[in-house]
Amino acid sequence: MTRKILGRCLGTVALAAAALLIARLDVQAAPPEDNKEVSQLLEDIKGQAADLQRDSDELESFTRSDMSWQSHAEELDRIKERINAIGKTISELQNLRSSASPWQREAIDRIMPVAKKLASNTTAAIEHLNKNPLRINEPQYQQYLKSNAEAASNLAALVKDFVEYGKTRTTLEAYERKLEVPK
């Protein structure tokens with residue numbers, strides 16, 4: 001009789017273990033939902049990056065005109081403020097990273113190095129201008145501005161693509177639910 005009871009217990013344990021395994025597989029198969037706050041912050045960076053790209057392109061165009069060093073300084077200050085705002089938004093994203101979906105974490109990870117490059121180039125350009133305000137035609141300074149414009153363009157495109165990916169993914173999932181398409 002103890003063998004029958006033990007056999008039933010083992011059978012029940014095996015069924016429970018199988019049920020847990022199946023439940024785990026279902027949980028793993030379903031992708032985590034997007035964090036709405038992360039999506040909004042990415043949308044915010046998208047706008048900030050577009051503004052930064054515009055300002056960086058404008059400053060880079062100053063190298064092909066006779067704008068004063070004061071005009072360069074004003075534009076660099078505007079760019080610095082935009083980069084600082086993006087930095088604050090990225091900091092908020094970093095704080096939410098653990099609750100983000102996989103694609104959102106990837107977006108955060110890929111934005112970081114581009115933003116760091118922008119900050120570094122902007123700092124170098126500001127330092128150059130502070131030390132040599134009358135040498136705005138030097139190749140090194142112009143290279144900082146060109147590199148900044150390229151990095152700002154890369155950041156704007158990268159964030160825009162991730163935001164569009166998120167929106168497209170959300171739309172696709174809504175259709176999957178509506179049509180009851182299995183995943």
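These figures come from a predicted structure and were not determined experimentally.
When the shell of 6.0 Å around NZ of Lys160 is examined, it contains 12 or fewer heavy atoms from other residues, nucleotides or ligands. More than 12 heavy atoms of other shown residues, nucleotides or ligands fall within 6.0 angstrom of atom CG in Asn130. Heavy atoms from other residues, nucleotides or ligands lying under 6.0 Å from CD of Glu37 number 12 at most. More than 12 heavy atoms of other residues, nucleotides or ligands lie within 6.0 Å of CZ in Arg54, so this atom counts as buried by the packing criterion.
Taking every heavy atom of both residues into account, Leu118 and Ala152 meet most closely at CD2-N, 3.6 Å. Closest approach of Ile45 to Leu93, counting heavy atoms only: CD1-CD1, 3.5 Å. For the residue pair Ala156 and Ala49, the shortest heavy atom distance occurs at CA-CB, 3.7 Å. Contact detail for Val114 and Ala151: the closest heavy-atom pair is CG1-O, 3.5 Å. The minimum heavy-atom distance between Gly166 and Trp103, with the atom names listed, is CA-CZ2, 3.4 Å.
In the model, Ser99 has a side-chain atom that pairs as donor or acceptor with a side-chain atom of Asn35 under 3.5 Å. Between the side chains of Gln104 and Ser39, a donor-acceptor pair is found at a separation under 3.5 Å. Between the side chains of Trp69 and Asn132, not a single donor N or O lies within less than 3.5 Å of an accepting N or O. Looking only at atom types and distance, the side chain of Glu150 has no donor-acceptor partner in the side chain of Asn154 under 3.5 Å away.
A continuous path of Ile, Leu, Val, Met, Phe, Trp and Tyr side chains, each step under 4.5 Å between heavy atoms, connects Leu129 with Leu134, placing both in one hydrophobic cluster. Residues Leu52 and Met112 share a hydrophobic cluster, clusters being chains of Ile/Leu/Val/Met/Phe/Trp/Tyr side chains in contact below 4.5 Å. Note on Ile86 and Ile79: same hydrophobic cluster, where clusters join Ile, Leu, Val, Met, Phe, Trp and Tyr whose side-chain heavy atoms are under 4.5 Å apart, directly or indirectly.
Atoms CG and OH, from Asp34 and Tyr165 in turn, are 8.5 Å apart once rounded to the nearest 0.5 Å. The line from OG1 of Thr89 to CG of Leu42 is 10.0 Å long, rounded to the nearest 0.5 Å.
Panel note: side chain Ser120, backbone Lys116; no donor-acceptor pair is recorded below 3.5 Å. Using a distance-only test at 3.5 Å, with no hydrogens or angles considered, no donor-acceptor pair links the side chain of Ser71 to the main chain of Met67. Checked by atom type and distance alone, the side chain of Thr168 pairs as donor or acceptor with a backbone atom of Glu164 at under 3.5 Å.
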- Message: Please determine whether side chain to side chain donor-acceptor pair (under 3.5 Å) holds for the pair Gln48 and Asp44, giving the CA-CA distance in whole Å, both sets of side-chain angles, and the decisive distance to 0.1 Å.
- Response: CA-CA 6 Å; Gln48 293 168 333; Asp44 293 348; over 6 Å; no
- Query: Should Val38 and Arg97 be marked as a side chain to side chain contact (heavy atoms under 4.5 Å, CB included) after you check the CA-CA gap, both sets of side-chain angles, and the distance that decides it?
  - Reply: CA-CA 8 Å; Val38 170; Arg97 189 180 184 289; over 6 Å; no
- Kindly indicate, with the supporting measurements, whether the criterion side chain to side chain contact (heavy atoms under 4.5 Å, CB included) is fulfilled by His72 and Tyr141. CA-CA 11 Å; His72 281 253; Tyr141 175 73; 2.8 Å; yes
- Step-by-step salt bridge (charged side-chain N to carboxylate O under 4.0 Å, His left out) determination, Arg169 to Glu173: CA-CA 6 Å; Arg169 192 169 179 274; Glu173 288 171 354; 3.2 Å; yes
- Query: Is there a side chain to side chain contact (heavy atoms under 4.5 Å, CB included) between Gln53 and Leu155 once you walk through the steps?
  - Reply: CA-CA 8 Å; Gln53 179 183 6; Leu155 179 66; over 6 Å; no
- Message: Quick one, Lys167 with Glu43, criterion side chain to side chain contact (heavy atoms under 4.5 Å, CB included). Give me CA distance, side-chain angles, the key distance, then yes/no.
- Response: CA-CA 10 Å; Lys167 288 178 182 178; Glu43 189 74 48; 3.4 Å; yes
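Here the rule is side chain to side chain contact (heavy atoms under 4.5 Å, CB included) with Arg78, and of Glu81, Lys80, Arg82 only Arg82 fits it.
Residues Ile108 and Leu96 are not in side-chain contact: their nearest non-hydrogen atoms beyond the backbone lie 4.5 Å or more apart. Within the 4.5 Å cutoff, no side-chain heavy atoms of Leu145 are placed close to those of Phe62. Side-chain contact between Glu138 and His128 is present, with at least one heavy-atom pair separated by less than 4.5 Å. Within the 4.5 Å cutoff, no side-chain heavy atoms of Asn121 are placed close to those of Gln143. The closest side-chain heavy-atom distance from Thr63 to Ile136 is not below 4.5 Å. No side-chain heavy atom of Ser56 sits under 4.5 Å from any side-chain heavy atom of Leu59. Within the 4.5 Å cutoff, the side chain of Ile90 has no heavy atoms near those of the Leu41 side chain.
Taking the charged nitrogens against the carboxylate oxygens, Glu106 and Arg110 do have a contact shorter than 4.0 Å, which makes a salt bridge.
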